[in-house]
Amino acid sequence: MAGTPLIAGNWKMHLTRAESVELARAVAAASTGLTDREVMIAPAFLSLAAVKEVVADSPVRVAAQNVAWEKQGAFTGEISPPMLQDIGVDMVILGHSERRHVFGEDDAMVNRRLTGTLQFGLSPILCIGETLEEREQEKTFTVIEEQLRQGLKDVQSDQMKQVVVAYEPVWAIGTGRTATKEQAQEVHAFIRTALADLYEKTLADAVRILYGGSVKPENIDSLMAQPDVDGALVGGAALQAESFARIINFT
Ligand code: PGA
C-alpha cells in the first residue's frame, strides 16, 4: 500500500447542482473523523463551486473531471487550471476512458493536459486501461505501458509525487463486470514496475494506484486488500450516498 488510501467518486455527467450539494453533504458526513484514508469527489464543472463550499469544513477533496493546459485563451468549451484553483479545487481526473473513447482524446492530449496541470500545481489522476479487445489479444501490458510512458512524458520525478494513477479496464467501466482482485493486483503490480523503470523504485512505491471499474460495496474490501491497490475510482456506486459511504468505510 502506497501512501494514504484514496477513495474517489467520479460523478460524470450526473446530478443537478442541488442534487450535487445534497450528495456532497452526505459524503462529508460519512467522512467525518476518517484520518487513515482520503475521500475525493468529482462533480460536473457547474457544481464544483457549490460542492467545494459544502465540504469546506470536512476532509473531503474536490476534483474536476478534466482540465485544459493553458491559463486562458481561445479554447472554446474548456476550463483552465487557474479557474479551478480560483474556487479551491486542486485535483483533476485526466484521460478517463470516456474522454479517450467518446471524445477522442489521445495519449498526446492527455499528456498535454497533465503537464499543464502539474505546472499550475494541481494534482492529476491519470486514468489508463485496456479495452476488452486488447485484453483478449493479450495486449494489456503493452497498452498500459504505452499509456503510462506517453501520458507521463516530460513529467519530472519531483512532480510525480503529485500524480495518482488509476487503472480502469475499459471493459469493467459501467458494465457491472469488475476485474477480479487477482486481475487488478496483476496489472497494478505491473504499473508499479513500469513506474520504477520510468523513474525509480522508491518513487514508484510511493505512487498511489487506484482501481476503477464497477467498484461496489460488495467488492471494495477484497480489492483494497490487494498489496498494490491503493484506492478506488468509483463511478455508478458513488452516486448514492449509502453505497459510497460503505465504500469509503472499506475494511
Ligand atoms: P463505474 O465507473 O464505477 O460506474 O464502473 C468507474 C469510472 O468510470 O471511473
Side-chain angles (χ1 to χ4, degrees), residues 5-15 19-20 23-24 26-27 30 37-45 47-48 51 60-67 89 91-105 110 113-114 117 123-132 134-135 140 143-144 147-148 151 163-181 183-184 187-188 191 208-224 226 229-250:
L6 172 64
I7 302 294
N10 173 13
W11 293 359
K12 308 191 180 185
M13 197 174 72
H14 290 285
L15 309 177
E19 288 163 349
S20 300
L23 182 55
V27 173
R37 58 201 70 193
E38 261 180 32
V39 177
M40 186 210 91
I41 47 179
F45 282 126
S47 301
L48 277 174
V51 162
V60 177
R61 298 183 71 175
V62 178
Q65 297 174 17
N66 207 359
V67 75
V89 170
M91 287 189 88
V92 58
I93 298 171
L94 290 176
H96 188 277
S97 83
E98 285 142 25
R99 297 304 319 169
R100 293 176 188 263
H101 297 288
V102 184
F103 296 98
E105 292 193 15
V110 173
R113 293 186 188 277
L114 188 122
T117 297
S123 292
I125 299 181
L126 170 64
C127 302
I128 55 176
E130 82 286 3
T131 61
L132 184 58
E134 288 162 344
R135 174 162 282 263
T140 300
V143 169
I144 294 292
Q147 287 176 340
L148 271 180
V163 178
V164 174
V165 175
Y167 169 56
E168 297 205 305
V170 179
W171 47 272
I173 297 177
T175 57
R177 186 177 162 190
T178 320
T180 62
K181 55 185 193 313
Q183 285 172 323
V187 180
H188 281 230
I191 292 172
R208 287 185 289 186
I209 307 171
L210 315 183
Y211 169 78
S214 299
V215 171
K216 299 185 258 287
E218 298 78 41
N219 56 32
I220 185 68
D221 296 342
S222 61
L223 286 165
M224 289 304 295
Q226 302 307 304
V229 176
D230 308 311
L233 183 52
V234 190
L239 291 171
Q240 272 113 33
E242 210 177 299
S243 60
F244 195 56
R246 170 62 186 88
I247 292 170
I248 293 169
N249 285 287
F250 71 87

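Treat the numbers as computed from the prediction; the structure is a model and nothing was measured. Index from 1, following the sequence. Both counts, for ligands and for their atoms, begin at 1 and track the order of listing.
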**Q** Quick one: does Lys12 get a heavy atom under 4.0 Å from ligand 1?
**A** yes
**Q** Which atoms of ligand 1 have any heavy atom of His96 under 4.0 Å away?
**A** 7 (C), 8 (O), 9 (O)
**Q** Please state which protein non-hydrogen atom is closest to atom 9 (O) of ligand 1 and give its distance, to 0.1 Å?
**A** Glu168 OE2, 2.7 Å
**Q** Kindly indicate whether the side chain of Val92, heavy atoms from C-beta on, has any atom under 4.5 Å from the side chain of Ile125.
**A** no
**Q** Does the side chain of Trp171 come under 3.5 Å of the side chain of Glu130 through a donor N or O and an acceptor N or O?
**A** yes
**Q** With nothing but distance in play, are any N or O atoms of Ile173 less than 3.5 Å from an N or O of ligand 1?
**A** no
**Q** Measuring from the heavy atoms of Gly213, does anything fall under 4.0 Å of ligand 1?
**A** yes
**Q** Against heavy atoms of Gly236, which atoms of ligand 1 measure under 4.0 Å?
**A** 1 (P), 3 (O), 4 (O)
**Q** On a heavy-atom basis, I'd like to know which of Ala238, Gly235, Gly212 is closest to atom 3 (O) of ligand 1.
**A** Gly235
**Q** Using side-chain contact (heavy atoms from CB on, under 4.5 Å), reason through Met13 and Gln65 one step at a time and then give a plain yes or no.
**A** CA-CA 9 Å; Met13 197 174 72; Gln65 297 174 17; 5.8 Å; no
**Q** Charged N to carboxylate O under 4.0 angstrom, Glu105 versus Arg99?
**A** yes
**Q** Please confirm whether Ala172 approaches ligand 1 to less than 4.0 Å, judged on its heavy atoms.
**A** yes
**Q** Quick check on salt bridge (Lys or Arg N to Asp or Glu O under 4.0 Å): which of Lys181, Lys216, Arg246 does Asp221 satisfy it with?
**A** Arg246
**Q** Taking only heavy atoms of Asn10 into account, list the atoms of ligand 1 that are under 4.0 Å away from them.
**A** 9 (O)
**Q** For ligand 1, which atoms have a heavy atom of Ser214 less than 4.0 angstrom away?
**A** 1 (P), 3 (O), 5 (O)
**Q** Looking at Gly174, which atoms of ligand 1 are within less than 4.0 Å of one of its heavy atoms?
**A** 1 (P), 4 (O), 5 (O)
**Q** Does Ala237 have a non-hydrogen atom less than 4.0 Å from ligand 1?
**A** no
**Q** Starting at CG of Leu233, measure out to CG of Leu6 and round the result to the nearest 0.5 Å.
**A** 8.5 Å
**Q** Taking the six-membered ring for Trp, are Tyr211 and His188 parallel (under 30°), tilted (30 to 60°) or perpendicular (over 60°)?
**A** tilted
**Q** Going by atom types only, do Glu168 and His96 share a side-chain donor-acceptor pair under 3.5 Å?
**A** yes
